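Side chains included, hydrogens not; waters and symmetry mates left out as well; all remaining heavy atoms used. Numbering of ligands and ligand atoms starts at 1, following listing order. Bear in mind that the values here come from a model prediction, so they are computed numbers and not experimental data.
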Amino acid sequence: MIDQLHEAINFKDKDKSLLPIGVFDSGLGGLTVVKQLLLHLPNEAIIYFGDTARLPYGTKSILTVRKFSLQIARFLQDQDVKIIVVACNTASSLALNVIKENIAVPVLGVIEPGVSAALRVSKSKSIGVIGTTATILSGAYEKALQKLDPTVNVNSVACPLFVPLVEEGWEQSDVAEMIARKYLDQIINTEIDTLILGCTHYPILKDVLHKVVNHRVIIIDSSIETAHQVCSILQSEKIQRPKKSKPTHKFYVSDRPQRFEEIAERFLGESLPNVKQISLDDYQ
Ligand code: DGL
């Protein structure tokens with residue numbers, strides 16, 4: 001009987017390891033997280049949802065972002081994912097707790113991984129954070145940093161023009177540098193020695209940001225840190241997918257897929273055919 005029970009548990013665990021990782025974002029920015037997941041967890045299957053019909057989230061209210069995020073998390077839960085990664089910084093800032101309270105699978109946002117990495121490397125304990133207006137207004141990064149280290153000094157700046165700039169493909173342009181200088185002007189002359197990229201799109205602007213901030217400032221890319229944390233969660237739960245067959249990834253969006261497919265390549269480094277449009281109307 002006990003053996004049977006063990007077998008049942010083992011079978012369940014083995015089964016769970018084969019389930020995909022669910023990832024969502026307001027649009028295609030979350031592909032920066034997918035890119036790191038593919039790099040660090042090449043055996044894992046991924047189900048991605050980009051809410052292209054309702055983006056941007058970065059200018060929306062807390063109630064709206066919570067409602068949309070919960071709907072997506074319910075959809076992913078229905079797809080039988082083993083973990084949900086909230087790749088969107090705005091959704092992580094405004095909706096993470098609500099998702100965790102309502103969803104039965106483990107949920108990881110991008111704030112905590114970025115914050116832990118920043119505190120690990122910062123010597124001056126003066127940390128800069130850039131993100132969307134909603135993320136910065138929420139104070140989520142500040143709260144998370146100060147919860148772990150109450151002595152830390154945080155300088156935050158909202159950079160709303162960065163998202164359209166990246167989506168337009170202008171990340172290497174003079175315009176990008178000018179805009180970055182204007183936004184970061186308020187923090188470059190402070191004591192910050194670490195800068196957290198608190199938005200899915202900002203890793204694409206890393207070159208320009210490196211030019212603008214003091215060369216001693218370490219730039220934290222939350223997408224890399226998030227992939228590391230997913231790795232350790234799967235390891236500690238013993239639910240890594242075994243290296244057998246090649247994993248199949250699925251990409252869903254809420255608006256027509258063409259634009260997503262066109263821009264995806266720049267975020268992911270590879271083309272994305274077969275993106276499917278779906279409706280979340282059944283998930284309220
Ligand atoms: N994905 C969002 C974030 O990381 C940026 C785009 C948006 O505003 O929806 O905050």
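Between Thr32 and Thr200, the side chains place no donor N or O within less than 3.5 Å of an acceptor N or O (distance only, hydrogens not considered). Checking Arg66 against Gln71 by side-chain atom types alone, no donor-acceptor pair falls below 3.5 Å. A side-chain N or O of Thr132 and one of Thr90 form a donor-acceptor pair less than 3.5 Å apart. For the residue pair Ser61 and Thr64, a side-chain donor N or O sits within less than 3.5 Å of a side-chain acceptor on the partner.
Both Val152 and Ile218 sit in one connected hydrophobic cluster of ILVMFWY residues. Membership requires side-chain heavy atoms under 4.5 Å apart, directly or through other members.
Taking atom 1 (N) of ligand 1 as the reference point, the nearest protein heavy-atom neighbour is Asp25 OD1, 2.8 Å. Counting only heavy atoms of the protein, atom 6 (C) of ligand 1 lies nearest to Ser26 OG, 3.6 Å. Shortest contact from atom 10 (O) of ligand 1 to any protein heavy atom: Thr90 OG1, 2.6 Å.
The contact set between ligand 1 and Gly58, taken as ligand atoms under 4.0 Å from a residue heavy atom, comprises 7 (C), 8 (O), 9 (O). Heavy-atom proximity to Tyr57, at under 4.0 Å, picks out these atoms of ligand 1: 7 (C), 8 (O), 9 (O). Of all the atoms in ligand 1, the ones that sit under 4.0 Å from a non-hydrogen atom of Thr132 are 5 (C), 8 (O), 10 (O).
Taking any N or O of Thr59, backbone or side chain, none lies under 3.5 Å from an N or O belonging to ligand 1. Checked by distance only, ligand 1 and Asn89 come closer than 3.5 Å through their nitrogen or oxygen atoms.
Within the 4.0 Å heavy-atom shell around ligand 1 one finds Cys199.
Ring-plane geometry between Tyr183 and Phe162 is classed as perpendicular, the angle between the planes exceeding 60 degrees on a 0 to 90 degree scale with a lower cut at 30.
Ring centroid separation for the pair Phe75 and Phe24 does not come in under the 6.0 Å cut-off.
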